[in-house]
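First the proteins, then the strands, lettered A, B, ... as listed; each starts at 1.
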Amino acid sequence: MAEKVRVRFAPSPTGLLHLGGARTALFNWLYARHNKGTFILRIEDTDRTRSTEEYIDAIIEGMRWLGLDWDEGPYRQTDRFSIYKSYADKLLREGKAYYCYCSPEELEKRRQEALAQGRPPKYDGRCRNLKEPVPGRVAAVRFKMPQEGETVVDDLIKGKVVFDNAQLDDLIIIRSDRTPTYNFVVVVDDVDMEITHVIRGDDHLNNTPKQIHIYRALGYRIPAFAHLPMILGPDKTRLSKRHGATSVTSYKEMGYLSDAFVNYIVRLGWAHGDQEIFTRDELIEYFSLEDVGKSAAIFNPEKLLWLNSQYIINSTAERLGELVMPFLLKQGIIKEGQILDREWLSKGIKTLKERSRALVELANSLRYYISEDIGIDPKAKEKFLNKKSLPYLIDVKEALKRLDNFVAQEIEKAFMTLVEKHNTKLGNIAQPVRVAITGKTETPGIFEVLEIVGKEKVIKRLEKAIKTIG
RNA sequence: GGUCCCAUCGUCUAGAGGCCUAGGACGUAGCCCUCUCAAGGCUAAAACACGGGUUCGAAUCCCGUUGGGACCGCCA
């Protein structure tokens with residue numbers, strides 16, 4: 001029987017949860033859920049100068065928004081220093097690691113020199129065989145890498161990747177301030193947490209042979225590795241602040257639905273035939289590392305927006321009503337504590353669903369249903385609210401005033417009567433009314449808009465428009 | 001500079017030697033629907049980086065070239 005899958009997402013809290021991290025987390029989560037395994041969240045905060053509590057909270061918030069629940073953790077590496085120390089001591093005792101007395105400044109200088117001369121900037125191993133401590137110096141601990149032979153990484157995505165051990169550096173595993181470093185703690189933790197599959201960005205592929213030697217030195221089994229291709233910006237370089245919004249939270253704030261976002265990032269590097277839209281359950285059912293591609297993907301905001309619009313169309317009006325609330329508040333369309341009739345709101349949202357690509361847009365369109373403070377687009381006003389349309393507006397107002405049953409169907413009948421009376425096209429009447437009522441030239445069908453706005457407000461807005469013309 | 005990874009429409013991708021006249025999706029353009037805008041439907045333009053092999057046959061396998069990317073820290 002196959003061993004139970006245990007995977008982890010291990011972000012370092014030195015920034016917000018970004019697109020690439022989110023996808024790594026998602027693939028780990030999907031792999032765990034597909035295989036009925038365990039998904040672990042581990043915070044890699046060994047770099048105390050750059051890690052913050054705020055970023056930890058932000059990452060957790062991002063994970064929650066994405067709906068990626070973890071079964072264990074969040075573990076924090078800063079809570080586990082004694083574990084790393086005991087493993088480091090073991091390596092030291094066994095002669096698999098040694099003290100290095102070179103100062104960071106010296107090392108940096110040597111590195112620059114090597115780079116300038118076109119040599120590989122590798123540690124020269126000068127402390128490797130030291131018999132005595134160097135007085136007056138604080139030591140770091142280095143791991144003794146094998147200097148010959150080859151190391152093969154058998155990657156689930158990239159295949160067999162061969163590294164020449166002579167390239168490998170004696171890396172520092174414990175800094176001179178006694179804190180452990182990444183390449184060491186990641187191995188210790190993955191061993192300690194019994195991780196079976198390491199799924200991470202392919203920027204770590206070059207670290208893998210080094211880590212493999214640490215596993216061996218410690219006498220542990222090597223997990224399976226799967227290195228995911230990177231997500232690049234439109235300029236084909238690694239996604240960064242320069243490319244604008246890259247944090248998961250910013251997509252939440254722009255009004256993307258969590259499911260749409262997940263659906264978008266899963267398709268970056270993974271496909272299931274020609275299918276574009278997946279439910280969570282389908283994702284869990286279909287996900288496989290075998291279907292993950294090898295090449296980097298470029299982030300395409302247009303497609304994300306399209307997916308979002310599809311998810312909005314397929315959401316119920318009730319659900320959208322809940323989701324749009326924070327946006328209504330933030331955009332000043334409702335006030336704190338203001339209560340809306342949910343049934344009425346849903347009716348309005350139904351007309352707007354297929355015209356809103358994000359929740360911000362939906363909220364914005366909802367303005368002319370909810371608020372009196374609509375604001376009329378000056379260009380629309382000039383074109384449609386003028387002497388030519390005045391008689392239509394007056395007639396519409398009068399006809400609607402006489403309507404008792406203020407529903408779309410009846411409103412339409414009233415409009416059609418006027419179309420005949422004036423011997424004109426519906427558009428010539430509808431468009432000025434649209435602008436008078438919504439302030440915009442683009443809205444849902446005019447009859448349903450009028451019904452939702454309601455008779456009283458409609459008459460009021462028409463009167464106001466008539467007054468500004470006349 | 002060294003090491004490693006990658007290469008199908010502008011973008012995400014399907015493609016496991018013959019199903020390929022290379023499929024789908026976003027975006028773009030046109031048409032239909034239509035009170036506007038969407039949504040929806042239909043149509044179009046758009047790709048196997050290049051060069052050598054292997055093979056009866058290559059987008060698919062091998063080699064090279066070119067191009068892109070990542071990594072080479074007492075960062076992760």
Side-chain angles (χ1 to χ4, degrees), chain A residues 10-14 44-47 49-51 100 102-104 107-108 111 114-123 138 140-142 153 155 157-159 161-164 166-169 171-177 179-183 185-186 201-209 227 229-230 232 234 236-238 264 267-277 293-307 309-310 313 351-357 365 380 384 412 415 419 425-431 433-435 438 440-447 449:
Chain A
S12 69
T14 53
E44 309 229 322
D45 56 350
T46 55
D47 181 357
T49 57
R50 294 200 302 148
S51 302
C100 171
C102 303
S103 73
L107 292 167
E108 182 56 26
R111 188 180 7 265
L115 245 21
Q117 291 169 28
R119 285 185 289 118
K122 194 185 153 184
Y123 177 64
V138 239
V141 177
R142 278 189 192 270
V153 178
D155 193 271
I157 293 169
K158 306 280 183 181
V161 183
V162 182
F163 293 87
D164 189 350
Q167 299 290 335
L168 269 27
D169 225 345
L171 52 89
I172 288 178
I173 58 173
I174 305 284
R175 299 180 186 101
S176 49
D177 67 359
T179 60
T181 61
Y182 167 75
N183 275 299
V185 296
V186 76
D202 71 10
D203 45 340
H204 286 289
L205 187 55
N206 286 307
N207 284 326
T208 310
H227 286 96
M230 302 267 90
L232 274 23
K236 294 190 169 198
T237 65
R238 213 187 154 128
Y264 178 71
R267 287 285 289 97
L268 254 26
W270 178 83
H272 183 73
D274 286 337
Q275 190 170 342
E276 293 287 348
I277 297 177
K294 293 179 173 187
S295 52
I298 294 172
F299 173 69
N300 179 212
E302 294 288 341
K303 188 155 183 183
L304 170 57
L305 200 54
W306 171 77
L307 263 168
S309 73
Q310 292 298 308
I313 288 170
T351 68
L352 258 13
K353 278 206 308 181
E354 62 213 24
R355 301 163 225 265
S356 309
R357 293 182 301 175
S365 302
F384 294 108
E412 180 168 3
F415 268 70
V419 167
K425 285 192 286 191
L426 177 57
N428 291 334
I429 300 178
Q431 211 51 358
V433 173
R434 190 185 315 275
V435 174
T438 68
K440 299 181 196 309
T441 52
E442 303 137 30
T443 78
I446 190 64
F447 312 123
V449 167

Trainee: Which part of the nucleic acid, if any, lies within reach of A:S176 when heavy atoms closer than 4.0 Å are counted: base, sugar-phosphate only, or nothing?
Mentor: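 Since a base atom lies under 4.0 Å of A:S176, the category is base.
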Trainee: Indicate, with a heavy-atom threshold strictly under 4.0 Å, whether A:L205 touches base, sugar-phosphate, or nothing.
Mentor: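 Sugar-phosphate contact only - A:L205 comes under 4.0 Å of backbone atoms but never of a base.
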Trainee: Within less than 4.0 Å of OP1 or OP2 of B:C35, is there a side-chain N or O belonging to A:R434?
Mentor: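 Indeed not, no polar side-chain atom of A:R434 lies that close.
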Trainee: Contact class for A:R357 (heavy atom, under 4.0 Å): base, sugar-phosphate, or nothing?
Mentor: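 A:R357: no heavy atom of the nucleic acid under 4.0 Å.
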Trainee: Any base atoms under 4.0 Å from A:Q310, or only sugar-phosphate, or nothing? Heavy atoms, all strands.
Mentor: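 The answer is sugar-phosphate, as A:Q310 gets under 4.0 Å only of primed atoms, P, OP1 or OP2.
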Trainee: With a 3.5 Å distance limit and no angle check, can you tell me whether A:K294 reaches the backbone of A:P229 through a side-chain donor-acceptor pair?
Mentor: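 Answer holds: no.
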Trainee: On a whole-Å scale, what distance lies between the P atoms belonging to B:U65 and B:C4?
Mentor: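 Result for the P pair: 13 Å, nearest Å.
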Trainee: Check the phosphate of B:A38 against A:S309, side-chain N and O only, distance under 4.0 Å to OP1 or OP2. Yes or no?
Mentor: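 No, outside the criterion.
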Trainee: Does A:Q275 put a side-chain nitrogen or oxygen below 4.0 Å from OP1 or OP2 of B:G23?
Mentor: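 Answer no for this pair, as no side-chain N or O of A:Q275 is under 4.0 Å from OP1 or OP2.
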Trainee: Does a nitrogen or oxygen in the side chain of A:R267 sit under 4.0 Å from OP1 or OP2 of B:U11?
Mentor: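 Answer is no, no contact under 4.0 Å.
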Trainee: Is there, by distance only and without an angle test, a donor paired with an acceptor across the side chain of A:T441 and the base of B:C37 below 3.5 Å?
Mentor: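 Counting by modelled atom types and ignoring angles, no donor-acceptor contact under 3.5 Å is found here.
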Trainee: When all nucleic acid strands are considered with a 4.0 Å heavy-atom cut-off, which category describes A:C102: base, sugar-phosphate, or nothing?
Mentor: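 A:C102: base contact, heavy atoms under 4.0 Å.
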Trainee: Please report, rounded to the nearest Å, how far the C1' atom of B:G69 is from the NE2 atom of A:H227.
Mentor: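 Roughly 15 Å, once rounded to whole Å.
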Trainee: Taking any heavy-atom pair under 4.0 Å as a contact, classify A:E276: base, sugar-phosphate, or nothing.
Mentor: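 Base, at least one base heavy atom under 4.0 Å.
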Trainee: Which nucleotide, in any strand shown, forms a Watson-Crick or G-U wobble pair with B:A7, with both distances under 3.5 Å?
Mentor: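 With both distances under 3.5 Å, B:A7 matches B:U66.
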Trainee: Give the rounded distance in Å between these two atoms: CD1 of A:I429 and P of B:U36.
Mentor: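 Roughly 14 Å, once rounded to whole Å.
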Trainee: Ignoring hydrogens and geometry, is there a side-chain-to-backbone donor-acceptor pair from A:Y264 to A:W306 under 3.5 Å?
Mentor: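 No; zero donor-acceptor contacts below 3.5 Å.
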Trainee: Find the distance A:K303:NZ to B:G27:C1' and express it as a whole number of Å.
Mentor: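 Answer to the nearest Å: 10 Å.
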Trainee: My understanding is that a pair needs two contacts under 3.5 Å, Watson-Crick or G-U wobble. By that rule, which nucleotide pairs with B:C35?
Mentor: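 Partner of B:C35: none.
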Trainee: Closer than 3.5 angstrom, by distance alone: can the side chain of A:T181 be matched with the main-chain N or O of A:I172 as a donor-acceptor pair?
Mentor: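 At least one qualifying donor-acceptor pair exists.
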Trainee: Counting distance only, does the side-chain N/O of A:D169 pair as donor-acceptor with the main-chain N or O of A:Y123 below 3.5 Å?
Mentor: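 Yes.
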Trainee: So, under a plain 3.5 Å distance rule, would you say the side chain of A:N207 forms a donor-acceptor pair with the base of B:A76?
Mentor: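 A donor-acceptor contact between them is present.
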Trainee: So, does the side chain of A:R142 form a donor-acceptor pair with the base of B:C74 at under 3.5 Å?
Mentor: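 Side chain to base: no pair below 3.5 Å.
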Trainee: Is any N or O donor-acceptor pair between the side chain of A:E108 and the base of B:G73 shorter than 3.5 Å?
Mentor: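 No.
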Trainee: Output the rounded distance in Å from CG (A:L268) to P (B:G69).
Mentor: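 Answer to the nearest Å: 17 Å.
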Trainee: For the backbone of A:S51 and the side chain of A:D45, can you confirm whether one donor and one acceptor N or O come within less than 3.5 Å of each other?
Mentor: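 It does not hold such a pair.
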Trainee: May I ask you to say what A:S356 touches in the nucleic acid, namely base, sugar-phosphate or nothing, with a heavy-atom cut-off under 4.0 Å?
Mentor: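 Answer is nothing: A:S356 stays at 4.0 Å or more from every strand.
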Trainee: Rounded to the Å, how far apart are A:L307 CG and B:A25 C1'?
Mentor: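 One finds 9 Å between C1' of B:A25 and CG of A:L307, rounded.
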Trainee: Would a distance-only check, ignoring hydrogens and angles, find a side-chain to backbone donor-acceptor pair under 3.5 Å from A:K158 to A:V153?
Mentor: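 Not a single qualifying donor-acceptor pair exists.
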Trainee: Starting at atom CZ of A:F299, determine the distance to atom C1' of B:G69, rounded to an integer number of angstrom.
Mentor: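 For the pair A:F299 CZ and B:G69 C1', the rounded distance is 19 Å.
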